[in-house]
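Just follow the structure's listing: the first ligand is 1, and inside any ligand the first atom is 1. Quick note: numbers below take in every heavy atom, side chains included, and nothing from hydrogens, waters or symmetry partners. Just so it is clear, the structure is predicted and the values come from calculations on it, not from any experiment.
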Amino acid sequence: MRNFSVVQYNVRYFTRYANYNGVLLGAYRTDMADETITDKKSQHGEWSSRFAFIMAATGSAVGLGNIWKFPYITGENGGGAFVLVYLLCVLLIGIPLMMAETMLGRRSKENPIHTMEILTAEAGADKNWHYLGWMGVGAGFLILSYYSVIAGWASAYVVKSFFGSFSGASAGEVKAIFEAFVASPMQLIFWHTLFMVATMLIVARGIEKGFEKSVRFLLPWLFALMVLLVGYAMTTDGYFQGLNFLFKPDFSKLTADSVLVAMGQAFFTLSVGMGSIMVYGAYLPKDVSIAKSSMMIAGADTIMALLAGLIIFPIVFNNGLHPNSGPGLVFETLPIAFGNMFGGWLVGILFFVALVFAALSSSIALIEPAVAWLIENKGFSRQKACIYSGSLAWVLGLGTVFSFNAWANVKLFERNFFELVDYLTANLMLPIGGFCIAVFAGWIMKQEHSKHELDLPGEHLDYQIWKFLVSYVVPAAVFLVFLNVVGVL
Ligand code: PFF
């Protein structure tokens, strides 16, 4: 333990020093690299097992992005072709990036900003790379600000379900309930506050106690409820229409912007591009396979999103609703099922409770990069770090609250506050972050180091495929999609 602190002190001291004299540090770090960095443990502790890591990272990935966002943006972007692009992005961009991020975090065992400082020093690279860590912390804040508001909606829907608000309700009544709810800023603020406080409390308790316990039991629960709801959707007349909408590509509906949205969603749903997974990687013991874990996490995440689609679109078509009704889609459709299916009262309550927990395990990941940074670099206590970062995100969240009522028509670039923050984070910051992480892992980091961390079994082929994807495919794809959006292509 004592040795460990000395190593940490050294790493920190020399990383700081690098800011003044990168050349000297570059030389020093190269020869201290393998024994010191890789033998170090995070000061926040480690996951107790590979399973605990997979559950927590899956908890970060599975959340509102799968159940709330995926269906409504699929609805807005025309269905099948959009889903296909999204799946391709998960496979070719998301998984390699998740591996890269986990690897970077595990190598340095520090927060994202510090990780980039340490690893650039190790690679003898330009110190400006650490701004990448900054962008991640910023994106986390911005996402958390609106994430908490929407998770607040889900929390309110637990109570509404409990009091039987949806029992026997028609599609029109369910829509009216939603509209009345979002029209009231006070109600939205109340639930937003509750959710943010819950996030801060969990994170303040620290990694092991806080994260692991809450995530373990709720994901299987959510999965089981979703399978049950797919069963219900199959009994409706809209099922095949829903299936067609989701899986039959109509490429004429695909625009440059919808390709960007699909790519952004792949980043958002897997929680990559902002250092969140880096933080989780920092707590990952050395003997866990990064490749296998990443594939399992991405697989579970994708299944959850597709299940959500399989539930929601049949209900949409069965009730003559429109797939493109925006962020309210889930809240305007699922309660119809709960109000009309056998046992729907209980299923509704359990579903929204599980959704709130899934959102909590994601919001924890959103706030953790900032908290870890405040603790490690600013000497804050965990509690104080949580209070500062949570409160700031809460204030920003008020902008989203008002986007659904008082400020609904206050627009910049044709987008209200919520839409702007969402676009800025999911469609710009995360892909740019992912682009930089890919370039760093593929081009800047020494090959022997990435090979050592990834430790892929079929060494040559597996490693070469990953290396090719992060070095060429990810940067090129992000770049081309951006060019396409600005109209150059
Ligand atoms: N992946 C989460 C979801 O799909 O709901 C959202 C998210 C969590 C994004 C954590 C980014 C992140 F770091």
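Short contacts between ligand 1 and Leu64, defined as distances under 4.0 Å to a heavy atom of the residue, involve ligand atoms 5 (O). Here is the list of ligand 1 atoms found below 4.0 Å of a heavy atom in Leu366: 8 (C), 9 (C), 10 (C), 11 (C), 12 (C), 13 (F). Under a 4.0 Å criterion applied to the non-hydrogen atoms of Tyr147, ligand 1 contributes the atoms 2 (C), 3 (C), 5 (O), 6 (C). Of all the atoms in ligand 1, the ones that sit under 4.0 Å from a non-hydrogen atom of Met274 are 11 (C), 12 (C), 13 (F).
Between Arg415 and Asp422 there is no salt bridge, since none of the side-chain N atoms of the basic residue sits less than 4.0 Å from a carboxylate O of the acidic one. Contact check on Arg106 versus Glu453 returns a salt bridge, with a Lys/Arg side-chain nitrogen under 4.0 Å from an Asp/Glu carboxylate oxygen.
Among protein heavy atoms, atom 10 (C) of ligand 1 sits closest to Ser271 OG, 3.4 Å. Annotation: atom 9 (C) of ligand 1 to nearest protein heavy atom, Phe268 O, 3.3 Å. Protein heavy atom in closest approach to atom 4 (O) of ligand 1: Ala61 O, 2.9 Å.
An N or O contact shorter than 3.5 Å links Thr269 to ligand 1 by distance. For ligand 1, none of its N or O atoms has an N or O atom of Ala365 under 3.5 Å away.
Between Ser60, Gly63, Gly65, it is Ser60 that holds the heavy atom closest to atom 2 (C) of ligand 1.
For the residue pair Asp257 and Tyr423, a side-chain donor N or O sits within less than 3.5 Å of a side-chain acceptor on the partner. Donor-acceptor pairing under 3.5 Å is lacking for the side chains of Ser276 and Ser271.
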With side-chain contact (heavy atoms from CB on, under 4.5 Å) as the test, would you mind laying out the steps for Val473 and Leu469 before giving the verdict? CA-CA 5 Å; Val473 176; Leu469 290 173; 3.7 Å; yes

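In this structure, Lys69 is positioned above the aromatic face of Phe268, its NZ or CZ under 6.0 Å from the six-membered ring centre and within 45° of the axis. Stacking of Lys384 on the aromatic ring of Phe380 is recorded, both the 6.0 Å distance cut-off and the 45° axial limit being met.
Of the heavy atoms in Lys69, none comes closer than 4.0 Å to ligand 1.
Looking at Lys467, its side chain does come within 3.5 Å of a backbone N or O of Gly442 through a donor-acceptor pair.
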